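A quick write-up on the structure given underneath.
Just so it is clear, the values below take in all heavy atoms, side chains as well, and ignore hydrogens, waters and symmetry mates. This structure is a prediction, so every number in the text was calculated from the model and none was measured.
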Amino acid sequence: MKMARFLVISIVFLFGFINMCTAKEWSYFTYAQQWPLAVCTEHDPCVIPQSMVGWGIHGLWPSADSLSKGPENCNKSWPFDIKSIESLVPDLKKYWPNLYPDTKENSFWEHEWEKHGTCATSVPATSNELKYFQMGLMLHAKYNITKILMNQGILPSNTARYMTNETESALKRELGVEAMIECAYDKKKTQKQLLYEVFICMNKDFKLIDCNREGESQTTCPKHEPFFYPPLHPGQPMIDISVI
Ligand SMILES: *[C@@H]1O[C@H](CO)[C@@H](O)[C@H](O)[C@H]1NC(C)=O
Ligand SMILES: *[C@@H]1O[C@H](CO)[C@@H](O)[C@H](O)[C@H]1NC(C)=O
Ligand SMILES: *[C@@H]1O[C@H](CO)[C@@H](O)[C@H](O)[C@H]1NC(C)=O
C-alpha cells in the first residue's frame, strides 16, 4: 500500500521533472516583425501612431526544431517589470508599440516578456528583461524589413500585387537565408490578403539560419494568388524624406 503510493508519487514527480526539462529545450530564435496595417485586421479598435513609418516588432521567440512551437512562459517568478526597461520606452513606443488602445500600453511588452523572454534568459545576450528588449530593438535596426524589401523592389503600394514565392526569393537574396512570411486576410476593409509578418531565424549567437527547418515553406500567404502591401498612412510618404 505504502509502496504503491510512493511509486505513484515518484512517477508523477518524474513526469513533472521530465516535462519541465523538455519543455524548455530550444535551439534557435525566431525574430518576428509585423506590418501594422495587417495587425489592425485582427483587432478593433486599432491605432497606428503617426510616428510609425515602417515595420514594427512583434517579438523574439525561442524556437524548437522538432516542435511546432518553442517553449513558453518559462519562469512564473520573473514577472514583467516596466521599471527595468524605462530607458527603452521611447524607442519601444516607436518600434514595438501596442496598437490596441483598449488594452494597457504595457500589456504587449508584458506578454512578450512573460511568454517568450523568460525562456531566453539562458542566452547571455538576452539574460534579463532589459537585455531582451534591447536585443529586440537592435535587431529591428539591423534587419530593417522596409529597407530589405525596398532593395528588392517590394514597396508599400495600394495597387502592386506581390507573389509569395517571389517575395521569399527576394528575402533570400537579401539575407542569404530563408525567411518566412505570413499574410492576413483583411475581411473588414479591402477583402484582400495583406502581408502581415516577416520571420527571420537565428541561432543562439544571433547568426542567421534558414527558417524553414522542415524543408518546406510554412507560409500562410496564398500560394497562387497575389497579396498586397499597402502604405501605412494614406497621403503620407512611407519614407520620411527628412532622415535620408
Ligand atoms: C526565474 O526568475 C527568478 C527571478 O528573477 C530567478 O532568480 C531564477 O533564477 C529564474 N529561474 C530560471 C530557471 O531561470
Ligand atoms: C528602415 O529603413 C528605412 C528606409 O531606408 C528608413 O527610413 C527607416 O528609418 C529605417 N528604420 C529603422 C528603424 O532604422
Ligand atoms: C513563382 O510562381 C509562379 C507560378 O505560380 C512562377 O511562374 C514563377 O516563376 C515563380 N517565381 C519564382 C521566383 O520562383
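N203 contributes a side-chain N or O that, together with a main-chain N or O of D205, makes up a donor-acceptor pair within less than 3.5 Å. Within the 3.5 Å criterion, the main-chain N or O of M52 finds a donor-acceptor partner in the side chain of H233. No side-chain donor-acceptor contact under 3.5 Å links E112 to the backbone of F108. S127 places no side-chain N or O within 3.5 Å of a backbone atom of T121 that could act as its donor or acceptor partner. No side-chain donor-acceptor contact under 3.5 Å links K115 to the backbone of P71. When atom types are taken as modelled, the side chain of Q193 and the backbone of P226 share no donor-acceptor pair closer than 3.5 angstrom. For Y31 (side chain) and G136 (main-chain N/O), a donor-acceptor pair under 3.5 Å exists by modelled atom type. Looking only at distances, no side-chain donor or acceptor of Y196 sits under 3.5 Å from a matching main-chain atom of T220.
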Verdict with reasoning, Y162 to I154, per side-chain contact (heavy atoms from CB on, under 4.5 Å): CA-CA 8 Å; Y162 296 111; I154 300 173; 3.9 Å; yes

Worked check of side-chain contact (heavy atoms from CB on, under 4.5 Å) between W113 and T118: CA-CA 6 Å; W113 165 255; T118 56; 3.6 Å; yes

Stepwise side-chain contact (heavy atoms from CB on, under 4.5 Å) test for E182 and F199: CA-CA 8 Å; E182 293 210 320; F199 296 153; 3.7 Å; yes

Worked check of side-chain contact (heavy atoms from CB on, under 4.5 Å) between W35 and V198: CA-CA 9 Å; W35 189 239; V198 173; over 6 Å; no

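A cation-pi arrangement, defined by a distance under 6.0 Å to the six-membered ring centre and an angle within 45 degrees of its axis, is present between K204 and W26.
Minimum interatomic distance between V47 and P49 (heavy atoms only, all atoms of both residues): O-CD, 3.5 Å. Among all heavy-atom pairs drawn from L232 and V53, the shortest one is CD1-C, 3.8 Å. Of all the heavy atoms in P231 and L37, the pair that sits closest is O-CD1, 3.0 Å. Shortest non-hydrogen contact noted between Q34 and I57 is NE2-O, 3.7 Å. The heavy-atom pair separating A38 from L195 by the smallest distance is CB-O, 3.3 Å. Looking at every heavy atom in both residues, N158 comes nearest to F228 through O-CD2, 4.0 Å.
Distance CE/M202 to SG/C211: 8.0 Å, rounded to 0.5 Å. One finds the CG atom of L99 at 5.5 Å from the SG atom of C40 (value rounded to the nearest 0.5 Å). Of the inter-residue distances, the one linking L92 atom CG with I85 atom CD1 reads 5.0 Å to the nearest 0.5 angstrom. For the atom pair CG (D81) and CG (N128), the distance works out to 11.0 Å, reported to the nearest 0.5 Å. Separation of atoms CE (M135) and OG1 (T126) is listed at 6.5 Å; rounding is to 0.5 Å. The OG1 atom of T219 sits 4.5 Å away from atom CD1 of I181, with the distance rounded to the nearest 0.5 Å.
Put simply, L208 and Y28 are part of two different groups of oily side chains (I, L, V, M, F, W, Y) that touch within less than 4.5 Å, one to the next. One hydrophobic cluster holds both V123 and L139 under the rule that ILVMFWY side chains link at heavy-atom gaps under 4.5 Å. Under the 4.5 Å side-chain heavy-atom criterion for ILVMFWY residues, no single connected hydrophobic cluster contains both W61 and V39. Hydrophobic clustering of Ile, Leu, Val, Met, Phe, Trp and Tyr side chains at less than 4.5 Å, counting indirect connections, keeps M180 apart from Y143. Put simply, I209 and L171 are part of two different groups of oily side chains (I, L, V, M, F, W, Y) that touch within less than 4.5 Å, one to the next.
The closest side-chain donor-acceptor pair between T30 and S63 falls under 3.5 angstrom. Judged by distance alone, the side chains of T103 and N98 do bring a donor and an acceptor atom under 3.5 Å apart. For the residue pair E174 and N151, a side-chain donor N or O sits within less than 3.5 Å of a side-chain acceptor on the partner. Between the side chains of E197 and H58, at least one donor-acceptor pair of N or O atoms lies under 3.5 Å. With no hydrogens or angles considered, no side-chain donor-acceptor pair links E129 and W78 at under 3.5 Å. For the residue pair H140 / Q33, a side-chain donor-acceptor distance below 3.5 Å is found, with atom types taken as modelled.
Aromatic pair F80/W109: ring centres not closer than 6.0 Å. F29 has its ring centre less than 6.0 Å from the ring centre of F206. Taking the six-membered ring for Trp, Y95 and W55 have ring centres at least 6.0 Å apart. Aromatic rings from W96 and F133 are positioned such that their centres are separated by under 6.0 Å.
Using bins of under 30°, 30° to 60° and over 60° for the plane-to-plane angle, the ring pair H43/Y100 lands in the parallel bin.
You'll find the side chain of P230 reaches within 4.5 Å of the side chain of L194, heavy atoms only. Counting heavy atoms from C-beta outward, Q134 and L88 have side chains that approach closer than 4.5 Å. Side-chain contact between K187 and T41 is absent, with no heavy-atom pair separated by less than 4.5 Å. The shortest side-chain heavy-atom distance between C119 and N73 does not fall under the 4.5 Å cut-off. The side-chain heavy atoms of K94 and P90, taken from C-beta on, include no pair separated by under 4.5 Å.
Each of L155, N144, I145 was compared with M150 under the side-chain contact (heavy atoms from CB on, under 4.5 Å) criterion, and only L155 meets it.
Sorted by first and then second residue, the salt bridge (Lys or Arg N to Asp or Glu O under 4.0 Å) pairs with a member in residues 153-168 form an empty list; sequence neighbours excluded.
Within 6.0 Å of the NZ atom in K147, the count of heavy atoms belonging to other residues, nucleotides or ligands does not exceed 12. Other residues, nucleotides and ligands contribute at most 12 non-hydrogen atoms within 6.0 Å of the NZ atom of K189.
The hydrophobic side chain of M163 is isolated, with no ILVMFWY side chain under 4.5 Å apart from it.
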